[in-house]
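The structure displayed is predicted, hence computed values, not measured ones. When a ligand or atom number is given, it counts from 1 through the structure's own listing order.
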Amino acid sequence: MASTLINGGDSSVLDMDKKAGYGGGVDDVYGEDSATEDQLVTPWTVSVASGYTLLRDPHHNKGLAFTEKERDAHYLRGLLPPAVLTQELQEKRLMHNLRQYEVPLHRYTAMMDLQERNERLFYKLLIDNVEELLPVVYTPTVGEACQKYGSIFRRPQGLYISLKEKGKILEVLKNWPERNIQVIVVTDGERILGLGDLGCQGMGIPVGKLSLYTALGGLRPSACLPITIDVGTNNEKLLNDEFYIGLRHKRATGQEYAELLEEFMTAVKQNYGEKVLIQFEDFANHNAFELLSRYSSSHLVFNDDIQGTASVVLAGLISALKLVGGKLADHKFLFLGAGEAGTGIAELIALEISKQTKAPVEETRKKIWLVDSKGLIVKSRIGSLQHFKQPWAHEHEPVKELLDAVKAIKPTVLIGSSGVGKTFTKEVVEAMASLNEKPLILALSNPTSQSECTAEEAYTWSKGRAIFASGSPFDPVNYEGKVFVPGQANNAYIFPGFGLGLIISGAIRVHDDMLLAASEALAAQVSEENYGKGLIYPPFTNIRKISAHIAANVAAKVYELGLASHLPRPKDLVKYAESCMYSPLYRSYR
Ligand SMILES: NC(=O)C1=CN([C@@H]2O[C@H](COP(=O)(O)OP(=O)(O)OC[C@H]3O[C@@H](n4cnc5c(N)ncnc54)[C@H](OP(=O)(O)O)[C@@H]3O)[C@@H](O)[C@H]2O)C=CC1
Ligand SMILES: CC(=O)C(=O)O
Ligand SMILES: [Mg+2]
């Protein structure tokens, strides 16, 4: 995690980079004005769309909602049938159509088609029907979409930067039609959800995450840029798939990989400036930790799997205390999975306990235990552990199986972050229930097929006593006449509001205290009514309001830490965040 703040609050960082030529973002982004005669520039033109072109432009198309006046003014007569519909009626029709599809992937492709046809209507649907459509554009369906991306590929929805573009990445960025980019979500496709290496087909993830940035966090769609870095894939099935869309060779590693990433990070800063947020998504852990630590002192970077997941789980734990009692420091945590999500969450819990109790983080870590594919992480394994696991190697005899670890450690909280489904067996859940009146069980792995257990299993095996949340959604469960509503512990609660907070304050670096601020804000949004249903997260229906509160708390922390460049600080940050949010309602054209 980016726990040490290098250059924090030092505005000379900005000045230095300006001197070095990183002025991008606002003026003369493409250097057209400042270019000398011998320099190459991109011949950008701006034109007004009308007629057939307007109908084919997803940013401006309104389909049958074009008014009579607009049809006259924009050469649309005859190109549309006579009926004029409201956006509400269009939405009703599309939702009706979507519900006819029984295969989730068909809903996904229908939504992608809509996004490419009529962007505002796509976001209107997503915002107004978020609980229903989140599982379509996001986990679990996006996982299947990535697996089959080559077959369902229609039009590119983001930038593909492959090894073929080495030495030309800045030029490639300039090919993207939008200039004022505020958030980039980038993957190299090596750890897509819990589905493994999907290479170039991981593109579905940045596309999906960014659609949530807009729908849930209110970022303008044109300010969002999905990027997939293609260095090859080790997935034999894809390498042999005639429809595979990526480079057909094994992954580049070592220096070749590092150089491409370095060129990418430099080009992004040069093209878009200091304040573009780069969100790393679904990199394998051997690169993820390295990239985050390498670039956290020079770029505005955020790793969603390490940091966003940590923040959302901490929020769930803070609110769960209302149901299970005690302070965070009174609990004992056991993880199945000691990678990005597991160790990221563990570190943020330890940090929060340390802040609350004033005990050093080295001490508070001792309340947290992790199991990886080789068993419990203990001191005797330290020599062979990856660096991110080493802080969690406590004194204990070796334990191979999760069930034995549960019995030995006696945790109050069990967190699954292994990417392996069905690992919280009946015996494991029963052991948790025998140790705790209200065992807290989080099965974070995505998509649904990789969930450590289902909601039904958690409630049934604990005889209705578990407090349960999962990374991918589950329907409510009826157990012995009582309805249990499982929560969704997914970083989608955090990253849209977190990113909005960084952007509205003009943050130049991410700091762990901002993650804690996001957790507190999310936990504060859980109502008594939610607690009454056993929920530790608020429903997604209110997510825009929740995101505004998260953004405000994060921005407040950015200002407090002296890392804000948007000055003066707005007085009411919640109102300000809300006022910055994109609205999907149609605009009238002159
Ligand atoms: N709900 C949410 O918001 C989020 C969910 N996730 C999900 O979490 C999962 C893991 O992601 P991430 O942490 O990035 O992945 P990593 O690859 O970084 O970590 C996976 C960890 O699980 C361990 N593991 C694998 N198989 C087993 C097994 N059979 N028994 C015990 N441990 C095992 C690995 O052990 P070893 O190190 O020995 O190989 C490793 O420590 C994914 O499914 C992802 O979708 C991730 C981010 C957010
Ligand atoms: C949710 C998420 O980021 C993941 O599963 O990777
Ligand atoms: Mg992820």
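Taking any N or O of T309, backbone or side chain, none lies under 3.5 Å from an N or O belonging to ligand 1. The N/O atoms of T423, backbone and side chain alike, include none that comes under 3.5 Å of an N/O atom in ligand 1. Taking any N or O of Y138, backbone or side chain, none lies under 3.5 Å from an N or O belonging to ligand 2. Ligand 1 has no nitrogen or oxygen under 3.5 angstrom from a nitrogen or oxygen of G471. Checked by distance only, ligand 1 and L336 stay at 3.5 Å or farther apart across all their nitrogen or oxygen atoms.
Between Q386, K389, E452, Q488, it is K389 that holds the heavy atom closest to atom 37 (O) of ligand 1.
By the criterion of a heavy-atom distance under 4.0 Å, the side chain of V420, and not its backbone, is placed next to ligand 1. In A489, the part holding a heavy atom less than 4.0 Å from any atom of ligand 1 is the backbone. Of all the heavy atoms of Q450, none lies under 4.0 Å from any atom of ligand 1, so neither backbone nor side chain is involved. With a 4.0 Å cut-off on non-hydrogen atoms, D282 does not touch ligand 1 at all.
Applying the 4.0 Å criterion to heavy atoms of K209 picks out, from ligand 2, the atoms 1 (C), 2 (C), 3 (O). Close approach of ligand 2 to L193 (heavy-atom distance below 4.0 Å) involves ligand atoms 4 (C), 5 (O), 6 (O). Counting atoms of ligand 1 from 1 in the listed order, those under 4.0 Å from a heavy atom of N285 are 16 (P), 17 (O), 18 (O), 19 (O). Each of the atoms 3 (O), 48 (C) of ligand 1 lies under 4.0 Å from some heavy atom of N491. Per-residue contacts place G419 under 4.0 angstrom from the following atoms of ligand 1 (heavy atoms of the residue considered): 9 (C), 10 (C), 42 (C), 43 (O).
No heavy atom of T139 sits closer than 4.0 Å to any atom of ligand 2.
Remark: minimum distance from atom 5 (O) of ligand 2 to any protein heavy atom is reached at N446 ND2, 2.8 Å.
To the nearest 0.5 angstrom, L317 atom CG is 9.0 Å from S519 atom OG.
Minimum-distance N/O/S atom of D282 relative to the Mg ion (ligand 3): OD1.
For the Mg ion (ligand 3), the set of nearby N, O or S atoms under 2.8 Å includes none belonging to D304.
Across L500, L502, I503, a single residue satisfies side-chain contact (heavy atoms from CB on, under 4.5 Å) together with V554, and that is L502.
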